[in-house]
Amino acid sequence: MKRFFVWFTVLSASLSACGCGNEAPEHVRSVDTAMGTVIQQNLYLSDSGTDCTEDILELIRRLETDILSWREETSEVYRVNHAAGSEEGVELSDELSQVMAQCLELSENTEGAFDVTLGSIIRLWDIDSWASGLTEGEYQVPDGQAIVQALARCGRNRLHAKSWTDAQGGMRLTLYPDTGVLLDLGAVGKGLALDYILEKIEEEPAVTGCTISVGGSVLTYGTKPDKTAWRVGIADPEDPSRNIGVLYLEGCWCVSTSGDYERYVESGGVRYHHILDPSTGWPADSGLRCVTIVAKEGLISDALSTACFVLGSEKGLELASKYGVEALFVETDGGICMTPGMEEIFHGDGTDR
Ligand code: AMP
Ligand code: MG
């Protein structure tokens with residue numbers, strides 16, 4: 001049995017038209033798919049503004065096809081993966097150089113819990129097929145030996161990187177993956193999309209406020225016409241159609257959640273989820289059901305939600321404090337713990353204030 005759950009984290013009450021006078025911003029909404037997930041946009045535009053939801057969608061699709069996809073020949077990640085083992089290495093674009101530099105640093109700072117070189121083990125578990133419903137019949141869990149062999153093709157120490165400065169003075173990377181090493185940026189793609197969207201929206205003065213949800217990551221920006229806070233729900237891992245609470249956010253934030261209920265497969269009555277512990281090659285088992293991170297940057301919120309899920313609440317809290325982000329952990333026994341700053345923005349039980 002396979003299941004893929006996409007839930008809408010931005011609460012509908014925050015999306016209703018304001019019903020004010022003529023000066024009220026126009027409210028534009030759209031729901032589409034891109035990056036294998038649901039994109040939900042809610043934009044408030046001033047009088048002079050034109051609807052830019054299509055441009056934002058196009059931006060997300062280009063990020064996938066030009067940079068992140070491991071399936072599409074057009075992408076840089078595909079090019080790196082197909083050059084694994086070559087002596088020449090692969091020169092990265094300015095964009096992917098910046099992303100990879102951050103990812104490699106995150107890998108160091110999370111004791112390898114966050115690791116973008118897990119492509120071989122992610123392919124072995126066939127995680128993307130669970131999401132797209134491509135798994136036929138009863139799912140076969142990889143055997144222990146296959147996991148050990150795939151793990152031997154993963155790891156930060158098997159990806160060599162040389163940094164250099166381009167003609168414009170920008171930092172660039174050339175990557176030299178060992179034979180068999182495959183990149184997978186699935187743990188940061190949605191958050192990175194938020195960073196790209198924010199850059200675009202900041203150039204659109206007509207956008208007075210918005211919430212944009214890319215799968216499990218949500219961007220809040222600007223203000224609502226009624227000046228109340230943006231409200232982002234945190235799903236209950238037991239029943240993701242319900243919320244355990246709501247985040248109240250003012251202005252610009254990136255919210256990412258990693259949870260065992262988002263993508264999983266069942267076999268022999270056991271559930272296997274999509275966040276792998278790089279030290280074992282098996283789904284992480286750190287006593288958590290989900291982690292939500294609130295940060296200023298989407299790449300950071302997305303990477304840290306994955307890393308904290310692998311590390312567990314104690315080390316996760318330390319990591320959150322190191323990066324100056326807010327974090328909320330739901331434990332397998334239903335307990336909730338969070339950073340002090342999260343206590344100020346989180347309102348439990350999904351109740352309004
Ligand atoms: P997220 O939902 O953001 O936590 O990302 C999970 C996705 O990232 C998975 O579907 C895999 O593609 C990939 N992934 C799984 N485990 C890890 C890990 N420990 N580090 C980095 N990427 C991972
Ligand atoms: Mg993530």
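Each ligand, and each atom within it, is numbered from 1 in the order the structure gives.
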Report summary line: Within the 2.8 Å cut-off the protein N, O or S neighbours of the Mg ion (ligand 2) are A187 O, D302 O, D302 OD1, T306 OG1
With no hydrogens and no angle check, just 3.5 Å: does a side-chain donor-acceptor pair link [X] and [Y]?
X: S69; Y: S75; result: no
X: T208; Y: S46; result: no
X: D126; Y: Y139; result: no

Selection from [options] by shortest heavy-atom distance to [atom]:
atom: atom 9 (C) of ligand 1; options: H274, R123, H273; value: H274
atom: atom 3 (O) of ligand 1; options: D302, T37, I121; value: D302
atom: atom 22 (N) of ligand 1; options: S279, A187, C154, G259; value: A187

**Report entry** Donor-acceptor under 3.5 Å (R61 side chain, L57 main chain)
**Finding:** no
Query raised in the report: Side-chain heavy atoms under 4.5 angstrom apart, residues restricted to Ile, Leu, Val, Met, Phe, Trp, Tyr: same cluster for Y176 and V116?
Result: no
Does [X] reach ligand 1 with a nitrogen or oxygen that is under 3.5 Å from one of the ligand's nitrogen or oxygen atoms?
X: V310; value: no
X: V116; value: no
X: T306; value: yes
X: D184; value: yes
X: L118; value: no

Query raised in the report: Of the backbone atoms (N, CA, C, O) and the side-chain heavy atoms from C-beta on, which set of D277 has a member under 4.0 Å from an atom of ligand 1: side chain, backbone, both, or neither?
Result: neither
Query raised in the report: Side chain or backbone of P278 under 4.0 Å from ligand 1, or both, or neither, by non-hydrogen atoms?
Result: side chain
Query raised in the report: With sequence neighbours left out, what residues match W164 under ring pair (Phe, Tyr, Trp, His ring centres under 6.0 Å)?
Result: none
Report task. Starting from atom 16 (N) of ligand 1, locate the nearest protein heavy atom and write down its residue, its atom name and how far away it is, to 0.1 Å. Result -> L276 N, 3.0 Å
**Report entry** Shortest protein heavy-atom distance from atom 11 (C) of ligand 1, along with the residue and atom involved
**Finding:** I122 CD1, 3.5 Å
Query raised in the report: Is the count of non-hydrogen atoms from other residues, nucleotides or ligands lying under 6.0 Å from E199 atom CD greater than 12?
Result: no
**Report entry** Proximal ligand 1 atoms for S258, defined as those under 4.0 Å from one of its heavy atoms
**Finding:** 1 (P), 3 (O), 4 (O)
